[in-house]
Amino acid sequence: MANSQTEKQVRVRFAPSPTGFLHIGGARTALFNWLYARHTGGKFLLRIEDTDAARNTQEAVEVILTGLRWLGLDWDEGPLTGDATAAGKGECGPYFQSQRGENYRQRVAWLLERGLAYEHEGAVKFRMPREPVIIPDLVVGKVTRELTDRERLDPDFVIVRSDGQPVFHLVNVIDDLEMGITHVIRGEDHLSNTAKHIALFRAFGVEPPQYAHIPLILNIDGSKMSKRDKGASLLSYIEEGFAPEAVANYLCLLGWSPKGNREMVPLAEVVGLFDLPQILRHNARFDLNKLHWLNGEYIKVMSPERFRELAAQALLRLGIDTSRFEAGYVRAALDTAKQKVKQFNEVKHFAAFYFRDNLEFDNEALRTELLAADRKLVTKLRDALALVAPWDAKTSETAVKATATELGVKIGALVHPLRVACSGSTVGPSLYHALEVLGRERVLQRLDWVLQQPVPGA
RNA sequence: GACCCUAUCGUCUAGCGGUUAGGACACCGCCCUUUCACGGCGGGUGCACGGGUUCGAUUCCCGUUAGGGUCGCCA
């Protein structure tokens, strides 16, 4: 824990460009920054790098804010909404680069006056040192960045375009400087560029912040994850029914370990364990299987109330509005799915049938198979269930088993058609509990529907 | 082309000179069972390669290979 008396307080930032979506790798970068701020008792800032004004929209910024909030990452300073012109929270604003043009102009003039930068064909170029730059990095170690062959030809680089727009390297450094950033935690793709940033800081007469370049997240096959790849957007995990705590936990496990053979570690606990030097140096591949498992673990320990809330949202995405049903029915129905699903989209298979008048069958073959089932067995089963009293899981189970015994068939011969007739699927929650929830009326209706259909091929 | 980073099961990782190389996901059997899932038991799979250093290398050094990144008037 940093001592505020002797050390300056940690100030870190996440500085995304509003491109219309939040990259999963960017989300992890934000997470690591947030963790470090919370671990040290420092500040976590959010800054929007919207210098490319033509492409950036307020909606694109909202995507970032929504994503971070969904993950549970709150920022101490930064924008409150996607409106770049609105006031943000904090003393170092504006937190949108599009609103900081004057700061950049003054800094560039300052460099120009001292000959640290010069005009070239309408643009402004920065005089880069010809010597190798040493980059001290908390994760990677000390990196000596030699010039590439192209840089040997001309090491200077453009900091203001001929149209007057300042470029990324410049504004990024000025903002970090003016916002008092102490640690720059960002993707390793910026490591080589850091030499430029360090040189810029020194030109402005200040020592650069400490750097921590974290490894990248790759696709499961080891290729780099681009915007096009499925699963590259945080939004896709929201839409596919993952719980934010599971996604956050999984992201922590990529490039960092809580040690002690632990996998499931709540974010609040990670805050205490997390630190920069123990971050791994190699890239990690994103394993959807493991996220899926972890999500299931979180669902298991989730409160029934929260499970119902998230499950209802997933059903709504399927066009099923559970609020139109009686609250007790909805609760009982969703509760039968809680120990079954690992991902909220799976409620499609485990609970959607409770709320549909006309069943959707998993596939046409299943429907045909059901219609071709032995009508005599189904009829006997229907009649037995019609007499069950009182109607609950226990009594219906007894009735099904008794009917099987009476007919001299295995219980599976009845259970299978019954499940498909009631749910449209071969997989689902505990059958007898589902029967109890559905109620005798719905169950008999669904069995009667089967019995009324013409037998295929007959 | 140049420069930078990296390298433990298929994947995420523990390991920081001497271990039967541990855990998790995934996978394969068996048990449980009304389906699926859970749970229980069991199983296989790994230190990229080649040189050093050392009594001894997964661990330290060098090289090779492979993967990733950067060298823009993109961010």
Side-chain angles (χ1 to χ4, degrees), chain A residues 15-19 49-52 55-56 97 120-125 132 135 137 139-141 143-155 157-169 171-172 187-196 213 215-218 220-225 250 252-264 280-294 296-297 300 337-342 346 349-350 397 400-401 404 410-416 418-420 423 425-435:
Chain A
S17 180
T19 56
E49 305 220 331
D50 58 342
T51 52
D52 196 352
R55 268 197 321 210
N56 302 323
Q97 290 187 331
H120 179 77
E121 289 172 15
V124 179
K125 293 184 80 171
I135 305 166
D137 191 287
V139 172
V140 187
V143 176
T144 303
R145 171 58 157 74
E146 306 274 354
L147 298 185
T148 67
D149 53 358
R150 295 186 57 174
E151 289 167 340
R152 252 177 253 281
L153 262 32
D154 177 16
F157 60 94
V158 171
I159 52 176
V160 180
R161 294 193 283 256
S162 45
D163 66 359
Q165 283 297 310
V167 307
F168 164 75
H169 299 301
V171 299
N172 188 266
E188 194 213 316
D189 50 338
H190 283 102
L191 182 54
S192 291
N193 287 150
T194 304
K196 292 176 179 168
H213 287 91
L216 270 21
I217 297 178
L218 308 177
I220 191 68
D221 66 358
S223 62
K224 77 164 177 177
M225 197 181 264
Y250 179 70
C252 287
L253 263 23
L254 260 25
W256 179 83
S257 169
K259 309 287 178 69
N261 291 334
R262 301 213 297 148
E263 312 290 330
M264 194 180 179
L280 271 341
R281 284 165 288 278
H282 60 269
N283 296 341
R285 303 179 188 206
F286 196 96
D287 185 358
L288 198 54
N289 273 328
K290 190 156 180 174
L291 205 212
H292 187 243
W293 165 77
L294 196 55
E297 295 300 298
K300 278 187 212 165
K338 177 147 189 284
Q339 295 303 318
K340 298 289 183 172
V341 304
K342 288 186 174 182
E346 292 166 7
H349 305 290
F350 289 88
E397 178 175 0
V400 171
K401 287 180 172 170
K410 283 187 181 175
I411 189 162
L414 297 183
V415 163
H416 186 64
L418 178 57
R419 174 182 292 285
V420 174
S423 73
S425 174
T426 56
V427 303
S430 164
L431 177 60
Y432 303 118
H433 289 94
L435 294 179

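To find a chain, count down the sequence lines: A is the first, B the second, and so on, and within it residues start at 1.
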Report the base-pairing partner of B:rU45 (Watson-Crick or G-U wobble, both distances below 3.5 angstrom), or none. none
Hey, is the side chain of A:Lys338 poking within less than 4.0 Å of OP1 or OP2 on B:rA37, counting only N and O atoms? no
Say we look at B:rU58 and B:rA48: how far apart would their C1' atoms be, to the nearest angstrom? 12 Å
Whether A:Arg161 contacts B:rG72 is assessed here as follows: a side-chain N or O lying under 4.0 Å from the phosphate OP1 or OP2. Is that the case? no
A:Asn283 side chain vs A:Pro215 backbone, donor-acceptor pair below 3.5 Å: no
So what does A:Ser423 touch, heavy atoms closer than 4.0 Å: a base, only the sugar-phosphate, or nothing? nothing
C1' atom, B:rU45 versus B:rC12: distance in rounded Å? 16 Å
Can you name the residues that form a side-chain hydrogen bond (donor to acceptor under 3.5 Å, both in side chains) with A:His349, not counting sequence neighbours? none
Watson-Crick/G-U partner (both atom distances under 3.5 Å) of B:rA24: B:rU11
Let me have the donor-acceptor pairs involving side chains of residues 254-261 of chain A, under 3.5 Å, with sequence neighbours excluded, atom names and distances please.
{"unit_1": "A:Trp256", "atom_1": "NE1", "unit_2": "A:Gln278", "atom_2": "OE1", "d": "2.9"}
{"unit_1": "A:Ser257", "atom_1": "OG", "unit_2": "A:Lys259", "atom_2": "N", "d": "3.0"}

Using the C1' atom as the reference point in each nucleotide, state the distance between B:rC9 and B:rA14 in Å, no decimals. 13 Å
Nearest listed nucleotide, side chain of A:Thr426, among B:rC38, B:rU35, B:rA14: B:rU35
Would you kindly give the NZ-to-P distance between A:Lys340 and B:rU34, to the nearest whole Å? 12 Å
Indicate, yes or no, whether a donor-acceptor pair under 3.5 Å links the base of B:rU6 to the side chain of A:Arg281. no
Looking only at B:rU13, B:rA2, B:rC73, the nucleotide nearest the A:Ala123 side chain is B:rC73
Who passes side-chain hydrogen bond (donor to acceptor under 3.5 Å, both in side chains) against A:Thr148, sequence neighbours left out? A:Glu151
For A:Gln165, which contact category applies under a 4.0 Å heavy-atom criterion: base, sugar-phosphate, or nothing? nothing
With rounding to whole Å, what would you report as the distance between B:rU54 and B:rC61 at their P atoms? 16 Å
For A:Lys401, all residues meeting salt bridge (Lys or Arg N to Asp or Glu O under 4.0 Å), sequence neighbours excluded: A:Glu397
With A:Phe350, which residues qualify under ring-ring contact (aromatic ring centres under 6.0 Å, His included), at least two apart? none
Without decimals, in angstroms, what is the distance between A:Glu397 CD and B:rU33 P? 12 Å
Given protein heavy atoms under 4.0 Å, the one-letter contact record of nucleotides 64-69 of chain B, with B base, S sugar-phosphate only and - none, is simply ---SBB
Scan A:Pro215 against the nucleic acid and name what it touches under 4.0 Å (heavy atoms): base, sugar-phosphate only, or nothing. nothing
P-based separation of B:rC5 from B:rG22 [nearest Å]: 32 Å
Examine B:rC4: is either OP1 or OP2 under 4.0 Å from a nitrogen or oxygen in the side chain of A:Lys196? Give yes or no. no
Pairing partner (Watson-Crick or G-U wobble, both distances under 3.5 angstrom) of B:rU19: none
Rounding to an integer number of Å, can you tell me how far A:Met225 CE sits from B:rU11 P? 15 Å
For A:Ser192, enumerate each residue passing the side-chain hydrogen bond (donor to acceptor under 3.5 Å, both in side chains) test, keeping only those at least two apart in sequence or located in another chain. none
With a 3.5 Å limit on both atom pairs, tell me what B:rA2 is paired to, counting Watson-Crick and G-U wobble, or say none. B:rU70
Would you please indicate yes or no on a ring centroid separation below 6.0 angstrom for A:Phe168 and A:His190? yes
Okay, side chain of A:Arg419, backbone of A:Pro429: is any donor-acceptor separation there less than 3.5 Å? yes
Write down the distance separating the P atoms in B:rC55 and B:rG43, rounded off to the nearest Å. 39 Å
Report which part of the nucleic acid A:Phe286 touches: base, sugar-phosphate, or nothing (heavy-atom distance under 4.0 Å, all strands). nothing
Nucleotide by nucleotide, nucleotides 24-31 of chain B touches protein heavy atoms under 4.0 Å in the pattern (B base, S sugar-phosphate only, - none) BBS-----
Which one is paired to B:rC32, where only Watson-Crick or G-U wobble pairs with both distances under 3.5 angstrom count? none
Given atom CG of A:Leu153 and atom P of B:rG72, what is their separation to the nearest angstrom? 11 Å
Pairwise C1' distance for B:rC32 and B:rC38, with rounding to whole Å: 11 Å
Taking the minimum atom-to-atom distance to the side chain of A:His282, which one of B:rU34, B:rU11, B:rU13 wins? B:rU13
Roughly how far, to the nearest 0.5 Å, is the NE2 atom of A:His169 from the CG atom of A:Asn193? 4.5 Å
Using whole Å, report how far NE2 of A:His169 lies from P of B:rA75. 9 Å
Take the protein atom NZ of A:Lys410 and the nucleotide atom P of B:rU34, then report the distance between them rounded to whole Å. 12 Å
Heavy atoms under 4.0 Å, any strand shown: does A:Gly255 hit a base, just sugar-phosphate, or nothing? sugar-phosphate
Quick one: is B:rA75 close enough that its OP1 or OP2 comes under 4.0 Å of any side-chain N or O from A:Thr51? yes
Here's a test of your reading of the structure: between A:Val341 and A:Tyr250, which maps to the more 5' nucleotide of RNA chain B? A:Tyr250
Could you tell me whether A:Ser162 contacts a base, only the sugar-phosphate backbone, or nothing, with contacts defined as non-hydrogen atoms closer than 4.0 Å? base
Backbone N/O of A:Lys342 and side chain of A:Glu346: donor-acceptor pair under 3.5 Å: yes
Grab the CD-C1' distance between A:Glu146 and B:rG1 for me, whole Å please. 16 Å
Pairing residues for A:Tyr432 by the ring-ring contact (aromatic ring centres under 6.0 Å, His included) criterion, not counting sequence neighbours: none
Verify the distance criterion only: is there a donor paired with an acceptor across the side chains of A:Thr426 and A:His416 at less than 3.5 Å? no
Under 4.0 Å, heavy atoms only, any strand: does A:Leu147 hit a base, just the sugar-phosphate, or nothing? sugar-phosphate
Interatomic distance where CD belongs to A:Gln97 and P belongs to B:rA75 [whole Å]: 9 Å
Who does B:rA57 pair with, Watson-Crick or G-U, both distances under 3.5 Å? none
Given B:rU13, B:rC12, B:rA2, which nucleotide is nearest the side-chain atoms of A:Asp149? B:rA2
Using the P atom on both, measure B:rU59 against B:rA21 and round to a whole Å. 15 Å
With no hydrogens and no angle check, is any side-chain donor or acceptor of A:Asp137 less than 3.5 Å from a backbone partner on A:His213? yes
Closest-nucleotide 5' rank along RNA chain B - winner of A:Glu151 and A:Leu431: A:Leu431
So what does A:Phe350 touch, heavy atoms closer than 4.0 Å: a base, only the sugar-phosphate, or nothing? base
